[in-house]
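Notes follow once the structure below has been shown.
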Amino acid sequence: MSSNDAIARILHEMSQMMDILGEDSFRAAAHARAARAVESLSVDVAKLAVDKNQLRSLDGIGAKMADKIHEYVTTGAIREHGELLGRLPSGLLCLLEIQGLGPKTIRSLWQQAGVTDLASLEKAIDSGALLAIPRMGQKSIDKLKQAIAFYKSQAGGAGEGAAARRLHLGIAMPIAERVVELLASAVPGVKIAFAGSLRRGKETIGDIDILAAPRDQAEADRLTQAFTTMPGVVSVLAAGGTRASVQVGLGDGLGRWGRDPSAAAAGVQMDLKLVPPESWGAAMMYFTGSKEHNVALRERARKKGLTLNEYGLFPEDDPDRKLEPPQKRGVAAVCKADTEESVYAALGLPYLPPECRENLGELASTTPPVLIEVADIKAELHAHTTASDGRLSIIELAEEARSRGFHTIAVTDHSRSSAVAGGLSVERLLDHINAVRAAARQVTGITILAGSEVDILADGRLDYDDDILRMLDVVVASPHAALSQSPEVATARLLKAIENPFVHVLGHPTGRQINRRPGLSPDMQMLIAAAKERNVALEINTHWMRLDLRDAHARAAAAAGCLVALDSDVHDPSDFDNLRYGVMTARRGGVIASQCVNTWPADRLHAWLKSKR
DNA sequence: GCCGTTTTCGGCCCGACTGTTTTCAGTCG
């Protein structure tokens, strides 16, 4: 774990403990906000901590928080964190993961029924001790039992402290799209879309939010009916007038990444929200989030004497919130709320794409951000064939790429050290280059390049000698083994690869696999600076299992003006479909088309590749 | 504990829903 992750986790725990202990909620929230700020940093916070002013320049970090971070970096712990831990059983924290349990309830469970962890909570339920707690009736207990069962299934069985498993972006999105399609065919002509973190393109998804705008009660009823009875629904959690919640069972695996027993056993929660058509824009903003973005928008509205909710933007005529919400009192809205654009405009903001709604500075925009799009991508520089571990022949790969409108495809099979992936010996590589040249003569309408995905060995040397690399049109250098190195060793290793004059792309720079392994934690600022100087592109591997660079790293690369490569690491024709996940990650980082080599016209791209020969 | 086009104090987002209550507290997104 990087020190950023460690500090974020400690600050987050402090926030949770303060909540449970009933301390000042704004103080607790400040710790949670600081945790988020540290988490979304691309630089090692330990380096920033040398100068407290640098820490304090971060949004949400003030003098006291800077002291705490500095304390962690110099001593390896935060004293106040230990003190809080001494004031309550640590087993209480994971109870916050259980749906319906918040800090206040957990506090009374602890102080009035002696609950200290999940096991004692279950015991207290069985013994009936919970009924004695205020506001705890039989119905609440039944719901709690259900929520515990769901929590345990998500956490992979015994609920042994494992965090509830979030779904990969690439698993969740096709499910959401199928549901939208199904609802649209059940009730034609109604506006339906998914929202939430899925629409923002987060790498993992907690639940799936679907929005629909029925035009009358009959359409609303049919939508709810279709939603709660669709194939795959395991249980209906709620079905009211304006919203319904179901659990949907998942498929049983992750394709070539193997099975995911915990995800398969459980399911994903899906919520359907019904909103009036005239509120579609405000509702989409509201349910797309992020929460932090929404809070910032509302604060902005307040400063303009307005109040923003999921129904629209209204004059602030009830600052103490004594009355019913404005839309219920017939207060006239200050703008139409049927589109997101009109609501943003009324707040004096350009349209902000969902991927940048994280309250990481986007509200300072005065012009709409022009971010990279899937349609901009015209080349694939990282693809495998049957020569190593791919499923397509060279010709099949080229034809697939051509059918997707690409002008260039690079054949980059694995190098010799990746034995399990069928990595090519030097002799096989030379034959393979000839085979690629032959295919290039045979297939028209696309440029086929001979390349390699070359292993970056543990010490930073590449898996082929320079005289071999020189013969290749494209070199993608990637770490595959020794992924537990210290940050210092990993940084030196990857810098050495970037500095090799024949390398074009640094492939999946950290080697992480989401929900599987953390990968390397190199000093990303140093890699970005070196890559920029050497004209090397940092890859955003678009497979939903990797998304590496991740969003925060992409943001740092974009800010530095470093080249990036959006590559699908094709092993199977369907891998081309993953491009959109990488594009969303790039957009979350603020990447524009011109800094992504895959968007360049053929002559510019080929000239860049040749500049390293 | 943070923050400032109400700047060193006094704020700090908003509504739906649920289950518990006889008017509201807690959770969620």
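Labels below follow one simple rule: chain letters A, B, ... track the order of the sequence lines, proteins then strands, and each chain is numbered from 1. What's counted below: heavy atoms across the whole structure, side chains too, no hydrogens, waters or symmetry copies.
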_I'd like to know if the side chain of A:T339 reaches the main chain of A:S342, judged simply by a donor and an acceptor atom lying under 3.5 Å from each other, with no hydrogens or angles considered._
yes
*Expressed as a whole number of Å, how far does the P atom of B:dA16 sit from that of B:dT22?*
24 Å
*Tell me whether the OP1 or OP2 atom of B:dC13 has a side-chain N or O from A:T307 closer than 4.0 Å.*
no
*Does the pair A:R357/A:E340 count as a salt bridge with the N-to-O cut at 4.0 Å?*
yes
*Taking only heavy atoms on the protein side, list every residue of residues 351-363 of chain A lying under 4.0 Å from any atom of DNA chain B, sorted numerically.*
none
*Sticking with atom C1', work out how far B:dT5 lies from B:dG1, rounded to a whole angstrom.*
23 Å
*Taking OP1 and OP2 of B:dC17, is either one under 4.0 Å from a side-chain nitrogen or oxygen of A:T242?*
yes
*DNA chain B contacts among residues 195-203 of chain A, heavy-atom distance under 4.0 Å*: none
*Does A:T229 use its side chain to pair, donor to acceptor, with the backbone of A:Q225 at less than 3.5 Å?*
yes
*asked:* For the P atoms, the ones on B:dT23 and on B:dG15, what distance do you get once it is rounded to whole angstrom?
replied: 24 Å
_One thing to verify: whether A:R79 and A:E83 come together as a salt bridge, which I'm taking to mean a side-chain N less than 4.0 angstrom from a carboxylate O._
yes
*Less than 4.0 Å between a side-chain N and a carboxylate O, is that true for A:K336 and A:E278?*
no
*asked:* Working to the nearest 0.5 angstrom, can you tell me the gap between A:I210 CD1 and A:L223 CG?
replied: 11.0 Å
*Using a cut-off of 4.0 Å on non-hydrogen atoms, how would the nucleic acid contact of A:L144 be classed: base, sugar-phosphate, or nothing?*
nothing
*Is the shortest side-chain N to carboxylate O distance from A:E23 to A:R87 below 4.0 Å?*
yes
*asked:* What's the gap between B:dG11 and B:dT7 when it is taken at their P atoms, as a whole Å value?
replied: 13 Å
*asked:* Between A:K152 and A:E122 (salt bridge meaning N to carboxylate O under 4.0 Å), is one present in this structure?
replied: yes
*Charged N to carboxylate O below 4.0 Å: is that the case for A:D271 and A:R243?*
no
*Could you check how far CE of A:M285 sits from P of B:dG15, rounded to whole Å?*
15 Å
_Identified pairing partner of B:dT8, criterion: Watson-Crick or G-U wobble below 3.5 Å_ = none
*Just by distance, with hydrogens left out, do A:H293 and A:E358 show a side-chain donor and acceptor under 3.5 Å apart?*
no
*What is the distance, rounded to the nearest whole Å, between atom CG of A:N309 and atom P of B:dC14?*
9 Å
*If you look at every strand shown and take non-hydrogen atoms under 4.0 Å, does A:Q138 touch a base, only sugar-phosphate, or nothing?*
sugar-phosphate
*Just one of A:K68, A:H12, A:Q16 clears the side-chain contact (heavy atoms from CB on, under 4.5 Å) bar with A:H31, so which one?*
A:K68
*Could you run down nucleotides 1-10 of chain B 5' to 3' and tag each one B, S or - for protein heavy-atom contact under 4.0 Å?*
BSS-------
*Flag the pair A:E219 and A:K191 as a salt bridge only when some basic side-chain nitrogen lies within less than 4.0 angstrom of an acidic carboxylate oxygen.*
no
*Does A:Y311 put a side-chain nitrogen or oxygen below 4.0 Å from OP1 or OP2 of B:dC14?*
no
*Got a sec, which pairs hit side chain to side chain donor-acceptor pair (under 3.5 Å) with one end in residues 49-64 of chain A, sequence neighbours left out?*
A:K52-A:D67
*If you measure from CZ on A:R27 to OG on A:S15, what distance do you get to the nearest 0.5 Å?*
10.5 Å
_Members of residues 100-107 of chain A that approach DNA chain B, where some heavy atom sits under 4.0 Å away_ = A:G100, A:L101, A:G102, A:P103, A:K104, A:T105
*If we take the C1' atom in both B:dT8 and B:dC3, what is their distance in whole Å?*
10 Å
*Quick one: is A:K143 getting a side-chain N or O under 4.0 Å of the B:dC17 phosphate, OP1 or OP2?*
no
*Where the side chain of A:P326 is concerned, which of B:dG19, B:dC14, B:dG15 is the nearest nucleotide?*
B:dG15
*Between B:dG19 and B:dC12, how far apart are the C1' atoms? Round to whole Å, please.*
29 Å
*For the residue pair A:S25 and A:D19, confirm or rule out a side-chain donor-acceptor distance under 3.5 Å.*
no
*Could you give me the CA-CA distance, side-chain angles and deciding distance for A:R166 and A:E97, then say whether salt bridge (Lys or Arg N to Asp or Glu O under 4.0 Å) is met?*
CA-CA 12 Å; A:R166 289 172 62 90; A:E97 306 272 327; over 6 Å; no
*Send over the distance from A:I98 CD1 to B:dC28 C1', rounded to a whole Å.*
15 Å
*What's the NZ-C1' distance between A:K139 and B:dG26, to the nearest Å?*
17 Å
*Would you classify A:L297 as touching base, sugar-phosphate or nothing, given that sugar-phosphate means primed atoms plus P, OP1 and OP2, and contacts are heavy atoms under 4.0 Å?*
nothing
*For B:dC13 and B:dT27, measure between their C1' atoms and round to the nearest Å.*
16 Å
*Looking only at atom C1', what distance separates B:dC17 and B:dT21, rounded to whole Å?*
15 Å
*Closest to the A:E299 side chain: B:dC24, B:dA16, B:dC13?*
B:dC13
*Just wondering, are more than 12 heavy atoms of other shown residues or ligands nearer than 6.0 Å to CD in A:Q111?*
yes
*Rounded distance in Å - CG (A:D271) to P (B:dT18)*: 12 Å
*Round to a whole Å and report the spacing from CD of A:Q99 to P of B:dG26.*
18 Å
*asked:* Determine whether a donor-acceptor pair (N or O, by modelled atom type, separation under 3.5 Å) exists between the side chain of A:R199 and the backbone of A:F287.
replied: no
*A:L130 CG - B:dG19 P separation (whole Å)*: 16 Å
_Quick check on B:dC13: is either OP1 or OP2 less than 4.0 Å from any side-chain nitrogen or oxygen of A:N294?_
no
*Would you mind telling me which of B:dC28, B:dA16, B:dC13 lies closest to the side-chain atoms of A:K328?*
B:dA16
_Just to be sure I understand the geometry, which residues of residues 210-227 of chain A put a non-hydrogen atom under 4.0 Å away from DNA chain B?_
none
_For A:R580, the option from A:E355, A:E177, A:E373 that meets salt bridge (charged side-chain N to carboxylate O under 4.0 Å, His left out)_ = A:E177
